[in-house]
Number of protein chains: 2
Amino acid sequence: MGSVSNIVNLRALRQSCADCALNQLCLPASIGGNDLDRLDHVVKQRPALERGDILFHEGLKQPALYIVRAGSLKTYVTLPEGDVQILGFHIAGELVGLDGLSEEGHRCTAEVLERTTVCEVPFESLSEVAAKVPGLQQQLFRIMSREFSRELEHPVMMGRKQAMSRLAIFLRSLSARLGGIGHDPLEITLSMSRQELANYLGLVIETVSRLFSRMQTLGVLRVDRRTLRILDPAALAMLAEKADDESG
Amino acid sequence: MGSVSNIVNLRALRQSCADCALNQLCLPASIGGNDLDRLDHVVKQRPALERGDILFHEGLKQPALYIVRAGSLKTYVTLPEGDVQILGFHIAGELVGLDGLSEEGHRCTAEVLERTTVCEVPFESLSEVAAKVPGLQQQLFRIMSREFSRELEHPVMMGRKQAMSRLAIFLRSLSARLGGIGHDPLEITLSMSRQELANYLGLVIETVSRLFSRMQTLGVLRVDRRTLRILDPAALAMLAEKADDESG
DNA sequence: CGCTGCGTTGAAATACATCAAAGAGTGTGG
DNA sequence: CCACACTCTTTGATGTATTTCAACGCAGCG
């Protein structure tokens with residue numbers, strides 16, 4: 001996630017949504033000139049955040065929508081016993097905070113994984129603008145639905161009983177998403193620790209570590225700390241569907 | 001889910017949202033008289049569906065929102081290998097179909113589990129009305145967010161490594177939701193098979209069966225086929241947090 | 001009565017968790 | 001620059017919960 005982030009950052013310096021590289025992925029897509037200006041005034045660009053910084057906390061009443069411009073973050077809920085469940089990782093172009101529109105405010109916490117810049121859109125302002133700009137309302141619904149659909153990936157992955165399948169599904173998804181924002185889909189630099197990844201996958205850290213090793217042995221992946229190279233996408237796809245492979 | 005469904009059905013016979021028992025849970029909440037009439041014209045009430053009937057299929061382009069008036073249904077995605085992952089069960093008062101607002105249409109399939117009545121709101125009409133009625137737009141966002149938050153429950157449950165915790169979490173959630181629509185929260189009549197429940201929990205059917213037996217042995221539950229009686233809510237809560245209980 | 005679909009229970013296999021220790025990368029201070 | 005501490009990760013040995021395989025029970029129904 002790091003190699004081209006400086007390029008994205010250059011664009012991020014510009015203030016206008018119209019100039020943003022993520023324009024087509026983001027709220028402003030398919031919104032005309034004047035309306036876009038209205039939106040621009042609502043969107044606040046926040047200074048770059050560092051690893052560990054909190055974007056919003058569970059329970060925060062003044063909810064806002066965030067668009068990741070560069071970097072990445074995780075969302076999680078804190079369970080009564082104290083430990084957490086990571087719900088998702090979000091890279092550039094992705095939305096975070098849709099859980100916060102209800103009366104109860106945000107229901108999960110968003111924490112930055114690396115140096116990250118985001119655009120912040122307070123909900124109150126957003127819905128005001130949406131009321132005036134019919135296209136934006138439509139677009140908002142579409143985007144919410146898209147994120148809703150993305151959320152479905154998590155339970156689908158967790159539904160797999162084989163740990164290998166879970167990791168393979170995750171890697172394929174991440175690869176595709178990185179490809180979607182112009183990265184090499186075969187070169188993945190993880191921004192999360194093994195611990196965070198294990199938590200997301202519903203596994204323990206040792207299992208994840210072993211899975212990476214096994215994938216490397218199988219020739220599917222080249223693993224160097226947090227840098228991964230997908231050597232055999234077809235094999236990875238096989239693992240995603242069925243951990244039990246016939247290659248021996 | 002069956003015992004009071006006839007009462008709900010009585011109300012369901014009335015056509016108007018204003019008279020609906022689910023009013024407060026549903027779209028019309030906090031919308032005034034005239035606006036409510038406008039909404040009424042958009043909401044189609046469908047004839048009762050039977051077990052196995054499909055509300056909408058993955059890929060269906062003319063998306064609609066559905067509100068369950070009585071009965072229950074499941075949503076699932078079909079995986080490339082052919083088997084399915086159940087994403088959720090939905091009882092009276094709950095919304096289904098929020099995944100379908102994007103360009104790709106519905107991303108999951110909704111199938112009825114028992115005799116069920118629903119209100120159908122084609123998304124196109126809905127967003128037209130929402131553009132005219134500011135309160136409705138707000139309400140829509142809130143409802144979408146609420147459903148979004150509800151979706152978070154699934155991965156949190158799946159994140160638990162102990163099967164007993166998963167089932168306990170599910171039962172507590174279902175109990176609370178049944179309580180919310182006026183049922184006895186301690187008396188649960190499951191509308192899904194063991195197979196469907198196992199799939200949802202990410203387990204195999206035998207494990208679920210054994211868990212029910214064990215819960216009964218522990219005195220937490222009384223199990224009679226699909227009818228459950230929660231005998232010890234506190235113990236159930238314990239199991240939800242930590243399967244490993246000190247009671248022996 | 002015997003079929004069929006669902007659910008339960010038992011015995012065995014196995015994949016993952018747990019426990020334990022060592023390796024590799026990073027930072028700090030001498 | 002090296003020694004040290006610290007965190008993150010990897011790897012090994014062992015334990016165990018869940019899956020798998022298999023058989024039986026039970027209700028509904030022709």
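Each chain gets a letter, A, B and so on, in the order its sequence line appears, and its residues count up from 1. Given the structure is predicted, the values throughout are model-derived calculations rather than measurements.
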State whether the side chain of Ser173(B) and the backbone N or O of Ile169(B) hold a donor-acceptor pair below 3.5 Å, judged by distance alone.
-> no

Rounded to whole Å, the CG-P distance (Leu167(B) to dG7(C)) equals 14 Å

Polar pairs (N or O, both sides) under 3.5 Å between protein and nucleotides 28-30 of chain D?
none

Who passes salt bridge (charged side-chain N to carboxylate O under 4.0 Å, His left out) against Arg46(B), sequence neighbours left out?
-> Glu120(B)

How close or far is atom P of dT9(D) from atom CD of Gln216(A), stated in whole angstroms?
-> 15 Å

Sorted by chain and residue number, the side-chain contact (heavy atoms from CB on, under 4.5 Å) partners of Arg172(B) (sequence neighbours excluded) come out as Leu236(B), Ala237(B), Ala240(B)

Leu174(A) and Leu190(A), any side-chain heavy atoms less than 4.5 Å apart = yes

Set of salt bridge (charged side-chain N to carboxylate O under 4.0 Å, His left out) partners for Arg160(A), sequence neighbours left out = Glu81(B)

Ring pair (Phe, Tyr, Trp, His ring centres under 6.0 Å) involving Phe212(B) - partner list, sequence neighbours excluded = none

Base, sugar-phosphate alone, or nothing: which one does Arg226(A) contact when heavy atoms must sit under 4.0 Å apart?
-> sugar-phosphate

Which letters describe nucleotides 9-23 of chain C, given B = protein heavy atom under 4.0 Å from base, S = only from sugar-phosphate, - = neither?
-> BBB----SSBB----

Sort and list the pairs that fulfil ring-ring contact (aromatic ring centres under 6.0 Å, His included) and have at least one residue in residues 44-65 of chain A, not counting sequence neighbours.
-> Phe56(A)-Tyr66(A), Phe56(A)-His106(A)

CG of Leu190(B) versus P of dT8(C): gap in Å, rounded?
-> 10 Å

side-chain contact (heavy atoms from CB on, under 4.5 Å) involving Thr207(A) - partner list, sequence neighbours excluded | Ala163(A), Leu203(A), Val204(A), Leu211(A)

For Leu197(B) and dT8(C), what is the distance between atoms CG and P respectively, to the nearest whole Å?
-> 11 Å

To the nearest 10 degrees, what angle separates the axes at the start and end of the helix from dC1(C)-dG30(D) to dG30(C)-dC1(D), five pairs each?
-> 20°

Atom CG of Asp224(B) to atom P of dG25(D): distance rounded to whole Å?
-> 19 Å

Does a side-chain N or O from Arg194(B) land closer than 4.0 Å to OP1 or OP2 of dG5(C), or not?
-> no

Could you give all pairs that pass the salt bridge (charged side-chain N to carboxylate O under 4.0 Å, His left out) test and reach residues 57-67 of chain B, with sequence neighbours left out?
-> none

Residues which pass salt bridge (charged side-chain N to carboxylate O under 4.0 Å, His left out) with Glu196(B), listed by chain and number, not counting sequence neighbours | Arg51(B), Lys74(B)

Who are the salt bridge (charged side-chain N to carboxylate O under 4.0 Å, His left out) partners of Glu206(A), not counting sequence neighbours?
-> none

Atom pair distance, as rounded to whole Å: CZ in Arg225(A) and P in dC8(D) | 10 Å

Provide, to the nearest angstrom, the distance between the CZ atom belonging to Arg51(B) and the P atom belonging to dG5(C).
-> 14 Å

Here the distance between atom P of dT10(D) and atom CD of Gln195(A), to the nearest Å, is 12 Å

